[in-house]
2 protein chains.
Amino acid sequence: MGALTQSLGFLIRLAQVRLYDLFFAGFDGVDVKPGEITVLWVLDLNPGARQGAVARELNIKPAHMTKLVQRLVHDGLIARQVPPEDRRSVLLSLTEQGKQRLETLRPAFLAIQTAESTGLSPRETDQLRSLIHKLAFPKDRP
Amino acid sequence: MGALTQSLGFLIRLAQVRLYDLFFAGFDGVDVKPGEITVLWVLDLNPGARQGAVARELNIKPAHMTKLVQRLVHDGLIARQVPPEDRRSVLLSLTEQGKQRLETLRPAFLAIQTAESTGLSPRETDQLRSLIHKLAFPKDRP
DNA sequence: TATTGTTATACTCTATAACTATA
DNA sequence: TATAGTTATAGAGTATAACAATA
């Protein structure tokens, strides 16, 4: 395959497929999507965060964020609230059910990061994290 | 964002978004898709390869490969040929136009891998490649 | 006028299953 | 029976543009 195996873009795509598989294997049978747990995770740490802020932080496009939020609201996992100070915006927070859901998912989510599942040593994992981070955030957030 | 920034899956997604941006910035204005150049690249090195073999090698699902091939054939970049030995299979190769196309794209494609665009030193890039490779191919291809 | 979020549309890639034609 | 590729359908994610409500 020549220089293709030198292409970061190509390699990253392969890695993502693998991590995607790991993700679903880790949540064996449970119906979660990567985007879902990501949002729940952030809202647990930042209750009442603005929808747009969360989207920006997670690199999710506004249009997609709207759909994601609608699904999570529909599933009863998060709640929307329009604050009187700025009635254009929407504040998001976990419902009780959402909190329970996250606690259910948390162990499996953390387990996926393990040497056992990824095949990388903790040292390699750290290194990889740091390099990907450097790649993903060129000179530290814009 | 807590342990989220420790999640390889999350980081890889961010990295892919960034590489995607780099990709399109690199081919400024030219209408290419990552999947397209990947296939052209492989067929240049392996003329007459079987469609299924290429798909397997590139981790592209058969169903998606069919569409991709149809598009490339429609664009006049590759040609299909059914060999008499096994009339179920399809052999792919670049057309003259496909070869020209690849030569047009090649410099920009190689330039994307550069320190200048990724922000990583050659040493870091090598390290990252090797770690991603290890992640993507657990114990060497199944 | 600018910002926040929504709707609508389209495209890439992935997944799955059912299908055809060959072997 | 098994394999190679196709078709069809569904979903996640991305991108863009036009829009309403609010600031």
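Proteins get letters first, then strands, A, B, ... in listed order; numbering begins at 1 in each.
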>> Which residues in residues 69-87 of chain A have a heavy atom closer than 4.0 Å to any atom of DNA chain C?
In response: A/Q70, A/R80
> Base, sugar-phosphate alone, or nothing: which one does B/S89 contact when heavy atoms must sit under 4.0 Å apart?
Replying inline: sugar-phosphate
> Between atom NZ in B/K61 and atom C1' in D/dA8, what is the gap in whole Å?
Replying inline: 18 Å
> On DNA chain C, nearest-nucleotide positions of A/V90 versus A/V17: which is more 5'?
Replying inline: A/V90
> Are B/R106 and B/D44 within salt-bridge range, i.e. N to O under 4.0 Å?
Replying inline: yes
> Whole-Å distance between D/dA20 P and A/R88 CZ?
Replying inline: 17 Å
> Just checking B/A63: base, sugar-phosphate only, or nothing, at a heavy-atom cut-off of under 4.0 Å?
Replying inline: base
>> Are B/L72 and B/E36 packed together at the side-chain level, in the sense that at least one heavy-atom pair is separated by less than 4.5 angstrom?
In response: yes
> Quick one: B/D21 CG to D/dG13 C1', roughly how many Å, whole number?
Replying inline: 14 Å
> Over how many whole Å does the gap from B/Q51 atom CD to C/dT20 atom P extend?
Replying inline: 19 Å
> In whole Å, what is the span from the NE2 atom of A/H64 to the C1' atom of D/dT16?
Replying inline: 15 Å
> Which whole-number value in Å describes the distance from B/N59 CG to C/dA15 P?
Replying inline: 9 Å
>> Using side-chain heavy atoms (C-beta onward) and a distance below 4.5 Å, is B/T5 in contact with A/R129?
In response: no
>> Going by side chain to side chain contact (heavy atoms under 4.5 Å, CB included), name the residues that satisfy it together with B/Q70, two or more places apart in sequence or in a different chain.
In response: B/T66, B/K67
>> Nearest whole Å is fine: how far is D/dG13 P from A/I12 CD1?
In response: 17 Å
>> Please determine whether side chain to side chain contact (heavy atoms under 4.5 Å, CB included) holds for the pair A/F23 and A/I37, giving the CA-CA distance in whole Å, both sets of side-chain angles, and the decisive distance to 0.1 Å.
In response: CA-CA 11 Å; A/F23 182 89; A/I37 193 169; 4.1 Å; yes
> Nearest-Å distance, CZ (A/F24) to P (C/dA15)?
Replying inline: 9 Å
> How do A/K67 and B/E36 order along DNA chain C: which one's closest nucleotide is nearer the 5' end?
Replying inline: A/K67
> Can you find a heavy atom in the side chain of A/F10 that is under 4.5 Å from one in the side chain of B/L19?
Replying inline: no
> Do A/M65 and A/V69 come close enough that some side-chain heavy atom pair is under 4.5 Å?
Replying inline: yes
>> Heavy atoms from C-beta onward define the side chain here; which of C/dT6, D/dT6, D/dA4 lies closest to that of B/R50?
In response: D/dA4
